[in-house]
*Asks:* 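One structure coming up, written as structure tokens, with questions to follow.
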Amino acid sequence: MKRVVVIGGGVVGASAAYHLARNGVETILADRRDAGHATGAGAGIISPGTSTRPLPAFFPFARDAVDHYPDMVDRLAEIGQASTGYEVAGELILAKTDEEFANLPALKALYAERRAGGMPNLGEVTDVDEATARQMFPTLGPIHGALHVPEAARVDGDSLRNALVAGAKHHGAEIRYGAASLRTERDRVTGVDLDGVRIEADGVIVATGAWTNALLDPIGLSVAVGPQRGQILHIDMGDTDTSRWPILGGTGEQYMLTFGPNRIVSGATRETGSGFDVRLTVGGLQLVFDHAMRVAPGVAQGTVKEIRIGLRPLSADGLPYLGRVPGHDRLVLATGHGPSGLQLGPYSGVIAAQLLLDEEVTTDLSAFAVDRDPRQNAYNGH
Ligand SMILES: Cc1cc2nc3c(=O)[nH]c(=O)nc-3n(C[C@H](O)[C@H](O)[C@H](O)COP(=O)(O)OP(=O)(O)OC[C@H]3O[C@@H](n4cnc5c(N)ncnc54)[C@H](O)[C@@H]3O)c2cc1C
């Protein structure tokens, strides 16, 4: 494979470009930098072992994806790209009601079972009382109890993406900004047009997130992926050092996490059917502020630093699309990571590159096939 174009410079495309360039492939990463690209808004929780919603096929893939992280982060650091925000911060699974408290033993047993089955980044889960939880997360409100998951991690999606792009460049990739479309000749994809400039390629990876169907339309393909808006609040806690505080989970669809030196992130809305509308809405703001104040009322003294908005590329069954496009053996699709793209995406990028390079792929991808019918396993995006 001489030259590959990767379309889409989110975490998935950046990872694919980095892997290709590291392997000596002439690589061009083409990105339109759309407002609302998901990677810049992603919260960054890496804790698939505590998820209760996804389909079974999610878990073995997530296991490999999480295993991939430490190596990737170390390799990036070796070339001077150490700033990814990746850290094993631990997670508190909070019980805020009697019912949730009664459910903690079942969750603890589930996590132990997953850990025994090989799921990493859980560790030895322990019970934690309210006072201990508040020592760990000082702005926390009243709770009935919690579980502590010591090996859950987090990452700063935008920093990781930037590090991967810089890593790709370091290994010789070229980064071009603009709108790409697929070039075809006699039903074969032969390259890309980038703002009208023709780029011949031996292979193309499509990692265009929520915008994927517009790109695939000219080849008569569509996948069940659409934008799901997420609005997410960033709070500046002034002199308070939040860098070692754990992730807060177990509060329904909402969560909180922190980054150093003083940032708390609280999110997020899950607006399925939002379309490509990246407005900040009154209802969205109310939801994230209410959550922050209910779970950790001590944030009231913080300053609103920013509200980010991203469009998750949500698939109908909640699983990614990752594989060769039928009928186009030099075209690989990597999208549809929905709410899990920061945990899964870096690894998906590697696999997309491996598929194009005909390298051995050890992870089972059958559930992620481009031509599956995801509506058989409908997922509501929550
Ligand atoms: C509020 C929020 C919270 C989240 N929290 C988490 C979390 O805690 N953990 C987790 O794992 N995941 C989380 N996610 C999900 C995660 O952020 C996404 O799944 C992931 O970032 C998707 O990456 P991507 O590369 O597929 O897409 P994107 O980051 O959207 O990138 C796609 C890129 O393709 C470009 N593009 C599109 N069409 C073209 C074209 N024709 N030509 C050139 N470029 C094009 C776009 O401009 C964009 O830059 C969250 C997402 C949101 C919004």
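Counting convention: from 1, in listed order, for ligands and their atoms alike. These figures come from a predicted structure and were not determined experimentally.
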*Asks:* For ligand 1, is G157 a contact, meaning one of its heavy atoms is under 4.0 Å away?
*Replies:* no
*Asks:* Whether D358 and R324 form a salt bridge (side-chain N of Lys/Arg under 4.0 Å from carboxylate O of Asp/Glu) is what I want to check.
*Replies:* yes
*Asks:* Heavy atoms only: which of S51, P339, S348 is nearest to atom 6 (C) of ligand 1?
*Replies:* P339
*Asks:* Could you check whether any side-chain N or O of R229 sits under 3.5 Å from a backbone N or O of G275, counting only pairs where one atom can act as donor and the other as acceptor?
*Replies:*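 A pair under 3.5 Å: no.
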*Asks:* Determine, for E124 against R115, whether the closest basic-nitrogen to carboxylate-oxygen distance falls under 4.0 angstrom.
*Replies:*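 R115 and E124: salt-bridged.
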*Asks:* Counting only heavy atoms from other residues, nucleotides and ligands, does the tally under 6.0 Å from NZ of K305 exceed 12?
*Replies:* no
*Asks:* Check each heavy atom of A268 against ligand 1 and say whether those closer than 4.0 Å belong to the side chain, the backbone, both or neither.
*Replies:* side chain
*Asks:* Could you point out which residue of Q228, Q231, R312 forms a side-chain hydrogen bond (donor to acceptor under 3.5 Å, both in side chains) with E271?
*Replies:*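 Of Q228, Q231, R312, side-chain hydrogen bond (donor to acceptor under 3.5 Å, both in side chains) with E271 is met by Q231 alone.
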*Asks:* Would A41 count as a contact of ligand 1 if the rule is a heavy atom under 4.0 Å away?
*Replies:*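 It does, in that a heavy atom of A41 comes within the 4.0 Å cut-off of ligand 1.
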*Asks:* Mind telling me whether Y86 and Y69 have parallel, tilted or perpendicular rings, with 30° and 60° as the class edges?
*Replies:*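 Parallel.
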*Asks:* Considering only the protein, which heavy-atom contact is closest to atom 24 (P) of ligand 1, and what is its distance?
*Replies:*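 It is V12 CG2, 3.9 Å.
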*Asks:* Using a strict 4.0 Å cut-off to heavy atoms of Y255, name the atoms of ligand 1 that fall inside it.
*Replies:* 3 (C), 5 (N)
*Asks:* Say whether Q231, considering both its backbone and side-chain N or O atoms, lies within less than 3.5 Å of an N or O atom on ligand 1.
*Replies:*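 Checking ligand 1 against Q231, no N or O pair falls under 3.5 Å apart.
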*Asks:* Relative to the heavy atoms of W211, which atoms of ligand 1 are at a distance of less than 4.0 Å?
*Replies:* 30 (O), 37 (C), 38 (N)
*Asks:* To the nearest 0.5 angstrom, please state how far the CG atom of N103 sits from the OG1 atom of T97.
*Replies:*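 Going from the CG atom of N103 to the OG1 atom of T97 covers 9.0 Å.
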*Asks:* Which residue supplies the protein heavy atom nearest to atom 17 (O) of ligand 1, what is that atom called, and how far is it?
*Replies:*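 Looking at atom 17 (O) of ligand 1, the protein heavy atom closest to it is A38 O, 3.4 Å.
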*Asks:* Identify, for atom 44 (N) of ligand 1, the protein heavy atom at the shortest distance, and state residue, atom and that distance.
*Replies:*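 The closest one turns out to be R32 N, 3.0 Å.
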*Asks:* Any atom of ligand 1 sitting under 4.0 Å from a heavy atom of S340?
*Replies:*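 The answer is yes: ligand 1 sits under 4.0 Å from a heavy atom of S340.
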*Asks:* Kindly check if the number of other-residue, nucleotide or ligand heavy atoms within 6.0 Å of CD (E359) is above 12?
*Replies:*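 More than 12 within 6.0 Å, yes.
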*Asks:* Rounded to the nearest 0.5 Å, what separates atom CE in M72 from atom CG in D67?
*Replies:*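 M72 atom CE to D67 atom CG measures 12.0 Å (nearest 0.5 Å).
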*Asks:* Over all heavy atoms of both residues, which pair between A62 and P48 is shortest? Give the atoms and the distance, please.
*Replies:* CB-CB, 3.6 Å
*Asks:* Does T335 have a heavy atom less than 4.0 Å from any atom of ligand 1?
*Replies:*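 No, T335 has no heavy atoms under 4.0 Å from ligand 1.
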*Asks:* For the pair R263 and D156, find out whether any cationic side-chain nitrogen is under 4.0 Å from an anionic carboxylate oxygen.
*Replies:*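 Salt bridge present between R263 and D156.
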*Asks:* Report the part of I7 (side chain from C-beta onward, or backbone N, CA, C, O) that has a heavy atom under 4.0 Å from ligand 1; answer both or neither where that applies.
*Replies:* side chain
*Asks:* Which option out of G336, G10, G338 puts a heavy atom nearest to atom 18 (C) of ligand 1?
*Replies:*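 Of the listed residues, G338 has the closest heavy atom.
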*Asks:* In this structure, does ligand 1 have an atom that sits under 4.0 Å from one of the heavy atoms of A214?
*Replies:*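 No; A214 lies far enough from ligand 1 that no heavy-atom distance drops under 4.0 Å.
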*Asks:* On a heavy-atom basis, I'd like to know which of G8, G178, P48, G209 is closest to atom 27 (O) of ligand 1.
*Replies:* G209
*Asks:* If you measure from each non-hydrogen atom of R33 to ligand 1, which part falls under 4.0 Å: side chain, backbone, both or neither?
*Replies:*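 Backbone only.
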*Asks:* Any atoms of ligand 1 less than 4.0 Å from a non-hydrogen atom of Q343? List them with their elements.
*Replies:*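 Answer for ligand 1: 10 (C), 11 (O).
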*Asks:* Using a 4.0 Å cutoff against the non-hydrogen atoms of L215, which atoms of ligand 1 qualify?
*Replies:*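 So the answer, numbered in order with elements, is 41 (N).
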*Asks:* Quick one: which ligand 1 atoms are inside 4.0 Å of a heavy atom on A207?
*Replies:*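 Going through ligand 1 atom by atom, the ones under 4.0 Å from A207 are 32 (C), 34 (O).
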*Asks:* Between T363 and Y347, does any side-chain donor sit less than 3.5 Å from a side-chain acceptor?
*Replies:* yes
*Asks:* Report, as yes or no, whether the 6.0 Å neighbourhood of atom CZ on F101 holds more than 12 heavy atoms from other residues, nucleotides or ligands.
*Replies:* no
*Asks:* Within the 4.0 Å heavy-atom shell around G310, which atoms of ligand 1 are there?
*Replies:*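 By the 4.0 Å cutoff, the relevant atoms are 53 (C).
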*Asks:* For G44 and ligand 1, answer yes if some heavy atom of the residue is under 4.0 Å from a ligand atom, otherwise no.
*Replies:*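 It does, in that a heavy atom of G44 comes within the 4.0 Å cut-off of ligand 1.
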*Asks:* Classify the side-chain pair T132/D129 by whether it contains a donor and acceptor separated by less than 3.5 Å.
*Replies:*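 Their side chains do contain a donor-acceptor pair, which is all the 3.5 Å distance test asks for.
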*Asks:* For atom 5 (N) of ligand 1, find the nearest protein heavy atom and state the residue, atom name and distance (0.1 Å precision).
*Replies:*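 That would be A43 N, 3.0 Å.
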